[in-house]
Amino acid sequence: MSLQAWTYLIVGVTFALYIGIAWSARVKDTKGFYVAGGGVPPLANGMATAADWMSAASFISMAGMISFMGYAGCMYLMGWTGGYVLLALLLAPYLRKFGKFTVPDFVGDRYYSSAARVVALICAIFVSLTYVAGQMRGVGIVFSRFLEVDVNTGVVIGMVLVFFYAGIGGMKGITWTQVAQYCVLITAFLVPAIAISAKLTGNFLPQIGFGSTLVDGPNAGKYLLDTLNQIGTDLGFAEYTAAFSGPGSKPMIDVFAITMCLMVGTAGLPHVIIRFYTVPTVRAARISAFYALIFIAILYTTAPALGAFARYTLTNVLSNASYATAPSWFKNWEKTGLLAWMDKNNDGVITYRAGAPFKGKPIFSGETGPAGQRLLKNEATDNANELYIDNDIMVLATPEISQLPPWVIALVAAGGLAAALSTAAGLLLVISSAISHDLYYRIINREASEQKRLAIGRVMMGIAVLVAGYFGINPPGFVAQVVAFAFGLASSSFFPIIVLGIFWKRATKEGAICGMIAGITFTMVYIIQTKFMGVAPWFMNISPEGIGTVGMLLNFAVTVGVSLVTAAPPAAVQDMVESVRIPRGAGAAVDH
Amino acid sequence: MEKSMQRYWKSNLTYMTILLAIWALVSYVFGILLVNELNAFHLGGFPLGFWFAQQGSIYVFVVLILAYFLLMDRLDKKFDVHE
């Protein structure tokens, strides 16, 4: 069977599975729609949280980013897992005991204020929309490469599918499809990683193979990581395992800030937090955080190994190879613009060195050169590098580069789609619930009937899908960059005021509102200045991806400062804070 | 707040503080601040600091969450606040 046929088969089967699950989990009330009826078993919730969490960026881009960054890739690895420790210890059990539907619900009730609720819901919508755009784009990229449809058509197919199962099943449908999507995505990630690890190092566990010796080739018997360091030095890159030194590496303070921002952002992302509203008890919330992190850690400890394997294989195959004899996958990926070659010295040989080969992303002129390569219109840089490699190619192309069978490559396509769709669905639910529950029911119409609220929830889901699709077709940046934006905003808005709300009874509504506004405004202005207006990072050289850490500290400081000079919260609120600290009596989530 | 509830909350805060200290130690101290110093040591083919940054810290995070679950499960029963 051809690759194309395998891809249609595997993607088709998984899509049918998601639709089947969603249909059997369709819901009739708001409790099912927003929190899956509150009866999700902890193990299933852990799996759903993991799928919810691991986005197109985790699946498609992360291993590739690590393979180009070497050591500094640790900021994604620690950042996107360490946040679960904060979540499990500081937030999940208490929010579960509090037992409402959404994050703005907690903020509104704890800070006894509709204004705080509105600020929180705007933050929730903003964070989720930024994040969901990246997912839709991820769906489009996978479709365009593997199913040979246009990126925009791919986005539309993804939209229809997500709307179908998130709209009819709400949180309940999303939860159970996410369980299935986790199984698909983890298999798709592990199969090629294990195969490549066995091939390169003779060790089936990528986590061990990563630190083992190579079995053949010119470097047989040498440790993989030592070999990568050597290759790096030879070609003018930084050493793979070296920290804070070599060309293009980040300073320690920046690695620190970005790691912190991603951790805190993880704990503050509404689509992750609401997953803990779906379990029956506080105890179940604590243990499901553990299951979630185990399921996440399986991918996150494999990704850096895969990154290293891919870097080694790619450099070996392409460096100093002649274009005319380059393997067929090179030309396939050249078509997608994720690979490009500019023969600066006209010798027909691919020279791979440090630095960008030309300015910006590839723009092809439509003509072909003497070796048959696609010619570029970009302005060449003055270094010797001739090869452009997009981060995203590492996971998507490595099975092909390593000559794995077509069904493995097809499985990777299905895995990428599962990762993107599961995260998109969770985010869309947050957007839908922020408007239909927090804004419409809690603020505008307290008398709305159950039927009406459910209908509005579904309509909002449809609108959110359309908006997300629009951003997927007209993307504001590449997948991981957009996601980094969402983390900065989540860490500087929600995390401080939720933690203070639980651990400090004296935190007041004035404090929380000022804190959220100060944190998110500072972070947003800094990101816009440095990313879009060309201003150099002016605060301690911290890059825009890490500035959420400063925004978070600012939010903490402002909330505490303003709380101390304003009147203490009413007694009822202080009693509520005491009650969330005690597990007993956590009934199912309620909507009033 | 009742006396016993104050003691319950204090134990909870102690557990949290200890576990978060370990969390910061393996990630920020071993994985970032002292990474170059630890890289002088090796774990198989891994420089030790690099291993903490890309593998070890994640394993520790998983163990920390499990430890908190077990500790709190026992504490809840001791103070009779379990569900």
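Residue numbering restarts at 1 for every chain, and letters A, B, ... go by the order of the sequence lines. The structure displayed is predicted, hence computed values, not measured ones.
Of the residues considered (D226(A), I66(A), L77(A)), L77(A) shows the highest number of contacts with chain B, using heavy-atom pairs under 4.5 Å. Ranking I294(A), L86(A), I296(A) against chain B, the residue ahead of the rest is L86(A), based on heavy-atom pairs under 4.5 Å. Most heavy-atom pairs under 4.5 Å with chain A, from the set N36(B), L70(B), L64(B): that is N36(B). Among V62(B), I32(B), L13(B), the residue making the largest number of heavy-atom pairs under 4.5 Å with chain A is I32(B). Interface summary for chain A: among D80(B), N39(B), V63(B), L43(B), the most heavy-atom pairs under 4.5 angstrom belong to D80(B).
There is no contact between F79(B) and chain A, counting heavy-atom distances below 4.5 Å. For N12(B), the part lying near chain A is the side chain, with the backbone staying farther off; criterion is any non-hydrogen pair under 4.5 Å. Only the side chain of V35(B) comes within contact range of chain A, judged by heavy atoms closer than 4.5 Å. Looking at L224(A), there are no atoms closer than 4.5 Å to chain B (heavy atoms on both sides), in backbone or side chain. For chain A, the nearby parts of L33(B) are the backbone and the side chain; heavy atoms of each come within less than 4.5 Å. With a 4.5 angstrom heavy-atom cutoff, Y15(B) does not touch chain A via any of its atoms. In this structure, chain B has heavy atoms under 4.5 Å from both the backbone and the side chain of F290(A). Looking at S57(B), only its side chain comes within 4.5 Å of chain A, counting heavy atoms on both sides.
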Donor-acceptor pairs are to be reported for all side-chain atoms of residues 205-215 of chain A against protein atoms at under 3.5 Å, with residues two or more places apart or in another chain.
{"unit_1": "Q207(A)", "atom_1": "NE2", "unit_2": "T301(A)", "atom_2": "OG1", "d": "2.7"}
{"unit_1": "Q207(A)", "atom_1": "NE2", "unit_2": "T302(A)", "atom_2": "OG1", "d": "3.2"}
{"unit_1": "S212(A)", "atom_1": "OG", "unit_2": "I208(A)", "atom_2": "O", "d": "2.8"}

N/O donor to acceptor pairs below 3.5 angstrom from side-chain atoms of residues 258-267 of chain A, sequence neighbours left out:
{"unit_1": "T259(A)", "atom_1": "OG1", "unit_2": "V255(A)", "atom_2": "O", "d": "2.6"}
{"unit_1": "T266(A)", "atom_1": "OG1", "unit_2": "L262(A)", "atom_2": "O", "d": "2.6"}

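A salt bridge does not link R584(A) to D76(B): none of the charged side-chain nitrogens sits closer than 4.0 Å to a carboxylate oxygen.
Residues Y223(A) and H42(B) are not in side-chain contact: their nearest non-hydrogen atoms beyond the backbone lie 4.5 Å or more apart. T281(A) places none of its side-chain heavy atoms less than 4.5 Å from the side chain of R96(A). Taking 4.5 Å as the limit, some side-chain heavy atom of T49(A) sits within range of a side-chain heavy atom of Y84(A).
Using a 3.5 Å distance cut-off with no hydrogens or angles, the side chains of Y300(A) and S58(A) do pair a donor with an acceptor.
Nearest heavy atoms, L306(A) versus A63(A): CD2-CB, 4.3 Å.
Remark: aromatic rings of Y71(A) and F244(A) are close, center separation under 6.0 Å.
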